[in-house]
Student: 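Before I ask anything, here is the structure I am working with.
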Amino acid sequence: MSKLERASFGSKLGVILATAGSAVGLGNIWRFPYMTGQNGGAVFIIIYVFCVLLLGIPCMVSEFIIGRHGQSNTARAFSKISGGSAWTLIGYMGVLTGFLISSYYAVVSGWCLEYVWASLLGKLQGDPAYISSYFETFSQDPVKPVFWTFLILLATYLIIENGVRDGIERASKFMMPILFILLLIIVVASCMLPNADKGIEFLLSPDISKVNGDVFLAALGQSFYSLSIAMGCICTYASYFSKHTSGITCRFGYLPCCFFCRYES
């Protein structure tokens, strides 16, 4: 491959899993449940779905188009499509946003590794008070949080160092099925907890009294967070699409939205 030729994903499955991996993460698994609980249960979900459909998907498609057209990093892609105008700043803001998110994402991911390790060693139990005290003790430790954060950053570096196909795509094909299995286990385990029926009833019963401007803003922010919008991820992934990828014609009609339907390996 020449230095001027940009790398690309090797398969349709790799594109889908890598993009899904960017969207399905702590934003949905960790943040979404407590946001739903604090903002009216089902009513928050309804508002969230509308935000995704009316604003989230159009913004996501726009980032796909810009990244696919630019075939470069986020800042340069916005510069190309805007002709070097002030819109270029949006690209730099996306890079900055991704950097800021990574700063705490690595820390929280390190927490997850600590809990996995403690679970394997049998140090955890289901008592909420014990879990709370365990986290307090762990977070105040001067070494452990730093160690796990460093381990996350090292693993991320090693994956990215191997490139798009051998790094990101291969890791996504391995980790995303594992995530799907873990989600199924979480769903089943949650439904088997004491008083799970009350939680399901709360989830499906909209609390209209809690609807206000803050709930709408929370749902809008969650929709952007869930789809990895405005942080450079989608734009960057789209820049690695093969030249055979069509972002205009969809097999279901003339829609500028489906980059996956026409993907050719």
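In what follows, residues are counted from 1 in the order of the sequence shown.
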Student: Check whether Gln71 reaches the backbone of Ser239 with its side chain - one donor and one acceptor, N or O, closer than 3.5 Å.
Tutor: yes
Student: When you measure from the side chain of Thr97 to the backbone N and O of Met93, does any donor-acceptor pair fall under 3.5 Å?
Tutor: yes
Student: About how many Å separate CG of Asn73 and CZ of Phe78, when rounded to the nearest 0.5 Å?
Tutor: 11.0 Å
Student: Around atom CD of Gln38, are there more than 12 heavy atoms of other residues, nucleotides or ligands at under 6.0 Å?
Tutor: yes
Student: Is there a path of hydrophobic side-chain contacts, each under 4.5 Å between heavy atoms of I, L, V, M, F, W or Y residues, that connects Leu120 with Leu182?
Tutor: no
Student: Please give me the minimum heavy-atom distance between Pro206 and Leu204, naming the atom from each residue.
Tutor: CD-O, 3.4 Å
Student: Any donor and acceptor pair, going by atom type alone, linking the side chain of Lys210 with main-chain N or O of Asn39 inside 3.5 Å?
Tutor: no
Student: Can you give me the closest heavy-atom contact between Ser228 and Cys233, atom names plus distance?
Tutor: CB-CB, 4.2 Å
Student: Where do Arg170 and Arg165 land on the side chain to side chain contact (heavy atoms under 4.5 Å, CB included) test, with the steps shown first?
Tutor: CA-CA 6 Å; Arg170 180 176 295 180; Arg165 295 192 183 188; over 6 Å; no
Student: Measure from the ring center of Phe32 to the ring center of Tyr48 and say whether it is less than 6.0 Å.
Tutor: yes
Student: If we only count heavy atoms from C-beta on, is the Thr149 to Val146 side-chain gap below 4.5 Å?
Tutor: no
Student: About how many Å separate CZ of Phe180 and CD1 of Ile185, when rounded to the nearest 0.5 Å?
Tutor: 11.0 Å
Student: State, to 0.1 Å, how close Ala18 and Ile168 come at their nearest heavy-atom pair, and which atoms those are.
Tutor: CB-CG2, 4.2 Å
Student: Once rounded to the nearest 0.5 Å, what's the spacing between atom CD1 of Ile90 and atom CD1 of Ile66?
Tutor: 8.0 Å
Student: Please say yes or no: joined through hydrophobic side-chain contacts below 4.5 Å, possibly via intermediate residues, are Ile160 and Ile101 part of one cluster?
Tutor: no
Student: Can you check side chain to side chain contact (heavy atoms under 4.5 Å, CB included) on Ile159 and Met175, steps first, answer last?
Tutor: CA-CA 12 Å; Ile159 291 173; Met175 290 188 288; 4.1 Å; yes
Student: Between Val43 and Val49, is there a shared hydrophobic cluster once you connect ILVMFWY residues whose side-chain heavy atoms come closer than 4.5 Å?
Tutor: yes
Student: Mind checking the CZ-CZ spacing from Phe44 to Phe216? Nearest 0.5 Å is all I need.
Tutor: 11.0 Å
Student: Is the backbone of Ala230 close enough, under 3.5 Å, to the side chain of Glu63 for a donor and an acceptor to pair up by distance?
Tutor: yes
Student: Quick check: are there more than 12 heavy atoms from other residues, nucleotides or ligands sitting under 6.0 Å from OH of Tyr34?
Tutor: yes
Student: A side-chain contact here means heavy atoms from C-beta on lying under 4.5 Å apart; do Ile229 and Ile234 qualify?
Tutor: no
Student: Can you hop from Phe147 to Phe138 via hydrophobic side chains spaced under 4.5 Å?
Tutor: yes
Student: How long is the straight-line distance from CG of Leu96 back to CG of Leu89, given to the nearest 0.5 Å?
Tutor: 11.5 Å
Student: For Trp111 and Phe135, take the angle between the two ring planes, folded into 0 to 90°, and tell me which bin it lands in: parallel under 30, tilted 30 to 60, perpendicular over 60.
Tutor: perpendicular
Student: Are Leu151 and Trp117 co-members of a hydrophobic cluster defined by side-chain heavy atoms under 4.5 Å apart?
Tutor: yes
Student: Are the side chains of Glu161 and Leu158 in touch, meaning some heavy atoms are under 4.5 Å apart?
Tutor: no
Student: Considering non-hydrogen atoms only, spot the tightest contact between Leu124 and Ser119 and give its length.
Tutor: CD1-OG, 3.3 Å
Student: I need the Leu183 CG to Ile178 CD1 distance, nearest 0.5 Å.
Tutor: 12.0 Å
Student: Any luck finding a side-chain donor-acceptor pair between Thr74 and Thr236 under 3.5 Å?
Tutor: yes
Student: What are the two closest non-hydrogen atoms of Ala106 and Leu153, and how far apart are they?
Tutor: CB-CD2, 3.8 Å
Student: More than 12 foreign heavy atoms under 6.0 Å from OH of Tyr157: is that the case here?
Tutor: no
Student: Let's go through Ile45 and Leu203 carefully: what are the C-alpha distance in whole Å and the side-chain angles of both, what is the deciding distance for side chain to side chain contact (heavy atoms under 4.5 Å, CB included) to 0.1 Å, and is it a yes or a no?
Tutor: CA-CA 9 Å; Ile45 298 178; Leu203 181 66; 3.5 Å; yes
Student: Looking at Val143 and Asp141, what are the two nearest heavy atoms and their distance?
Tutor: N-OD1, 2.7 Å
Student: Is atom OH of Tyr104 surrounded by more than 12 heavy atoms (other residues, nucleotides or ligands) closer than 6.0 Å?
Tutor: yes
Student: Please determine whether the number of non-hydrogen atoms from other residues, nucleotides or ligands lying under 6.0 Å from atom NZ of Lys144 exceeds 12.
Tutor: no
Student: Quick one: does any side-chain atom of Ser226 pair with a main-chain N or O of Ser223 as donor and acceptor, under 3.5 Å?
Tutor: no
Student: Any chance you could lay out the side chain to side chain contact (heavy atoms under 4.5 Å, CB included) test for Ile131 and Tyr115, step after step, and finish with the verdict?
Tutor: CA-CA 10 Å; Ile131 296 296; Tyr115 275 87; 4.2 Å; yes
Student: Should the ring pair Tyr130 and Tyr134 be called parallel, tilted or perpendicular, given that the plane angle runs from 0 to 90° and is split at 30 and 60?
Tutor: tilted
